[in-house]
Peer 1: 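Handing you a structure now.
We number each residue from 1, following the sequence as shown.
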Amino acid sequence: MADRQLRQTKRAAAVLAAQLPTLLEPAATAGRQSLAHLIAIAEAITSAIAVPTRTAPQSISQLLLAWGECKSQHSATICQVAHGCNERQLRERAASAIAAAQQALTTDPLPPAVTSFVGPVRLSDLIAGLTVSLGKLAQHFGARLDPASTQQALRALAVTLEERYPGHTIELRVPPVTAVQLGAFGEGPTHHRGTPPNVVETDPDTFWALCTGSLSWQQARDEHRLRVSGVHADQVSRMLPVIKH
């Protein structure tokens, strides 16, 4: 199990290390705040890897929830990064921060758990959560994550839903990326085998938009971007968005 977790962490780290430099130019084009945000993400991973921990880590669901509760602190960090620097200086700092993050992400061996600014977390979960943050940032300045990072972010969001709403009443499918089973707030049957009675299926772009709050469940239904079957399947609407900031 430990070896498998280590391999998963190394794969996730390689994906993030490859993605970070591709966002430097789009962030620079978008301006100082976007550069500062990219710096904050890169420096967060470097700082966390430098502080391994044996303390029991929180789950990715708890991590994303904690980040949402620290929105004002995060905004203050970005403002602090940007303060007193012009765009050229911020671009240089961003390039240095990305290089340092890439070096940290290729450390061998990587620590299984690290200390983030919201507490102990599995490194694989921190990487997944930061990939979601990069996706939000890229969306802000009109860019997209590469396919590997997109899948990493979508799986993180699906796992978060699975952790928050455990059960086997609804199957949520996002082909070809992932599928998870969810509870239905104490309602409905438990599915064990065969075709589940309650299914929600959608494409990756729609799932991302629903999870990040840029698309409502009703809008997605009206635009025929969801395939919903079963009397309890619409309960998924109560679980969204995943990211409330």
Peer 1: Less than 4.5 Å apart, any side-chain heavy atom of Arg4 and any of Arg7?
Peer 2: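 Yes. Closest side-chain heavy atoms under 4.5 Å.
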
Peer 1: So, Arg155 and Thr178: side-chain donor and acceptor under 3.5 Å apart, yes or no?
Peer 2: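 There is no such pair between these side chains.
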
Peer 1: Linking I/L/V/M/F/W/Y whenever their side-chain heavy atoms sit closer than 4.5 Å, directly or via other members, would Leu157 and Tyr165 fall into one cluster?
Peer 2: yes

Peer 1: Could you walk me through whether Ile60 and Val121 pass the side chain to side chain contact (heavy atoms under 4.5 Å, CB included) test, one step at a time?
Peer 2: CA-CA 8 Å; Ile60 190 168; Val121 63; over 6 Å; no

Peer 1: Under the side chain to side chain contact (heavy atoms under 4.5 Å, CB included) criterion, do Leu145 and Trp208 qualify, and how do the steps go?
Peer 2: CA-CA 12 Å; Leu145 299 182; Trp208 171 264; 5.5 Å; no

Peer 1: Side-chain contact test, heavy atoms from C-beta onward, threshold under 4.5 Å: evaluate it for Gln33 versus Ile78 and give yes or no.
Peer 2: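 Touching, per the 4.5 Å side-chain cut-off.
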
Peer 1: For the atom pair SG (Cys211) and CE (Met239), what is the distance rounded to the nearest 0.5 Å?
Peer 2: 11.5 Å

Peer 1: Restricting to non-hydrogen atoms, name the atom on Phe207 and the atom on Thr202 that form the minimum distance, rounded to 0.1 Å.
Peer 2: CB-CG2, 3.8 Å

Peer 1: More than 12 foreign heavy atoms under 6.0 Å from CD of Gln103: is that the case here?
Peer 2: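 Atom CD in Gln103 is not packed in, count stays at 12 or less.
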
Peer 1: Which atoms form the tightest heavy-atom contact between Ala66 and Val118, and what is the distance?
Peer 2: CB-CB, 4.0 Å

Peer 1: Under the 3.5 angstrom rule, does the side chain of Arg122 hit a backbone N or O of Ala113 as a donor-acceptor pair?
Peer 2: no

Peer 1: With sequence neighbours left out, what residues match Cys79 under side-chain contact (heavy atoms from CB on, under 4.5 Å)?
Peer 2: none

Peer 1: Ile41 and Val51: same hydrophobic cluster, using ILVMFWY side-chain contacts below 4.5 Å?
Peer 2: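 They do not share one cluster, since no chain of ILVMFWY contacts under 4.5 Å joins Ile41 to Val51.
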
Peer 1: Is the closest basic N to carboxylate O distance between Arg173 and Glu171 below 4.0 Å?
Peer 2: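 Yes, Arg173 and Glu171 are salt-bridged.
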
Peer 1: Run the ring-ring contact (aromatic ring centres under 6.0 Å, His included) test against Phe141 and tell me which residues pass, sequence neighbours left out.
Peer 2: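 With sequence neighbours excluded, Phe141 shows a ring-ring contact (aromatic ring centres under 6.0 Å, His included) to no residue whatsoever.
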
Peer 1: With a 3.5 Å distance limit and no angle check, can you tell me whether Asp125 reaches the backbone of Ser59 through a side-chain donor-acceptor pair?
Peer 2: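 No, the answer is negative, given that no donor and acceptor are paired below the 3.5 Å cut-off.
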
Peer 1: Does the side chain of Gln8 come under 3.5 Å of the side chain of Ser124 through a donor N or O and an acceptor N or O?
Peer 2: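 Absent: no donor and acceptor within the cut-off.
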
Peer 1: Would a 4.5 Å heavy-atom cut-off, applied to side chains only, mark Ile127 and Val15 as touching?
Peer 2: no

Peer 1: Can you find a heavy atom in the side chain of Trp217 that is under 4.5 Å from one in the side chain of Asp222?
Peer 2: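 Not touching, per the 4.5 Å side-chain cut-off.
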
Peer 1: Distance from Leu182 atom CG to His232 atom NE2, nearest 0.5 Å?
Peer 2: 13.5 Å

Peer 1: Are Leu240 and Phe185 grouped together when hydrophobic residues (ILVMFWY) are joined by side-chain heavy atoms under 4.5 angstrom apart?
Peer 2: yes

Peer 1: Measure from the side-chain N and O atoms of Ser34 to the backbone N and O of Gly31, and report whether any donor-acceptor pair falls under 3.5 Å.
Peer 2: no

Peer 1: Applying a strict under-4.5 Å side-chain criterion to I, L, V, M, F, W and Y, I'd like to know whether Leu137 and Leu63 cluster together.
Peer 2: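 Yes, one cluster joins them.
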
Peer 1: So, for His37 and His140, is the gap between ring centers shorter than 6.0 Å?
Peer 2: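 Distance test on ring centres: not under 6.0 Å, no.
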
Peer 1: side-chain hydrogen bond (donor to acceptor under 3.5 Å, both in side chains) with Glu223: which of Arg225, Arg221, Gln219?
Peer 2: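 Filter result, single survivor: Arg225.
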
Peer 1: Hey, what do you get for CG (Leu215) to CG (Leu210), rounding to the nearest 0.5 Å?
Peer 2: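 So the CG of Leu215 and the CG of Leu210 are separated by 5.0 Å.
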
Peer 1: Are the charged groups of Asp205 and Arg144 less than 4.0 angstrom apart, N to O?
Peer 2: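 So Asp205 pairs with Arg144 through a salt bridge.
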
Peer 1: When rounded to the nearest 0.5 angstrom, what distance separates OG1 in Thr77 from CD1 in Ile39?
Peer 2: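 It comes to 12.0 Å.
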
Peer 1: Do the non-hydrogen side-chain atoms of Asp108 and Lys10 ever get within less than 4.5 Å of each other?
Peer 2: yes

Peer 1: Among Val236, Ile170, Leu172, which residue satisfies the side-chain contact (heavy atoms from CB on, under 4.5 Å) criterion with Leu161?
Peer 2: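 The residue from Val236, Ile170, Leu172 that satisfies side-chain contact (heavy atoms from CB on, under 4.5 Å) with Leu161 turns out to be Leu172.
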
Peer 1: Show, in sequence, the C-alpha distance, side-chain angles and deciding distance for Asp146 and Ser149, and conclude whether the side chain to side chain donor-acceptor pair (under 3.5 Å) test is met.
Peer 2: CA-CA 5 Å; Asp146 63 37; Ser149 295; 3.1 Å; yes

Peer 1: Flag yes if more than 12 heavy atoms outside Gln89 fall under 6.0 Å of its CD atom; otherwise flag no.
Peer 2: yes

Peer 1: Would you mind reporting whether Ser61 and Glu162 have side-chain heavy atoms less than 4.5 Å apart?
Peer 2: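 They are not in contact (no side-chain heavy atoms under 4.5 Å apart), so the answer is no.
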
Peer 1: Which heavy atom of Leu123 sits nearest a heavy atom of Ile49, and at what distance?
Peer 2: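 The pair with the smallest heavy-atom distance is CD1-CG1, 3.8 Å.
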
Peer 1: For Thr53 and Thr55, does a side-chain donor sit closer than 3.5 Å to a side-chain acceptor?
Peer 2: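 Note: Thr53 and Thr55 side chains meet the donor-acceptor criterion.
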
Peer 1: Between Leu38 and Leu134, is a side chain to side chain contact (heavy atoms under 4.5 Å, CB included) present by the stated rule, with each step listed?
Peer 2: CA-CA 8 Å; Leu38 183 60; Leu134 277 180; 3.8 Å; yes

Peer 1: Might you point out which heavy atoms bring Leu65 and Arg164 nearest each other, and give the distance in Å?
Peer 2: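 Residues Leu65 and Arg164, closest heavy atoms: N-NH2, 4.0 Å.
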
Peer 1: So which atom in Leu110 and which in Ala104 form the shortest heavy-atom distance, rounded to 0.1 Å?
Peer 2: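 Taking Leu110 first and Ala104 second, the nearest heavy atoms are CD2-O, 3.4 Å.
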
Peer 1: So, are Glu43 and Arg93 salt-bridged, with charged N and O less than 4.0 Å apart?
Peer 2: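 A salt bridge links Glu43 with Arg93.
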
Peer 1: Val132 and Trp67: same hydrophobic cluster, using ILVMFWY side-chain contacts below 4.5 Å?
Peer 2: yes

Peer 1: What are the two closest heavy atoms between Gln152 and Leu16, and how far apart are they?
Peer 2: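 Looks like NE2-N, 4.4 Å.
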
Peer 1: Drop me the distance from Glu69's CD to Gln62's CD, to the nearest 0.5 angstrom.
Peer 2: 10.5 Å

Peer 1: What is the distance from atom CD of Glu87 to atom CG of Leu90, rounded to the nearest 0.5 Å?
Peer 2: 7.5 Å

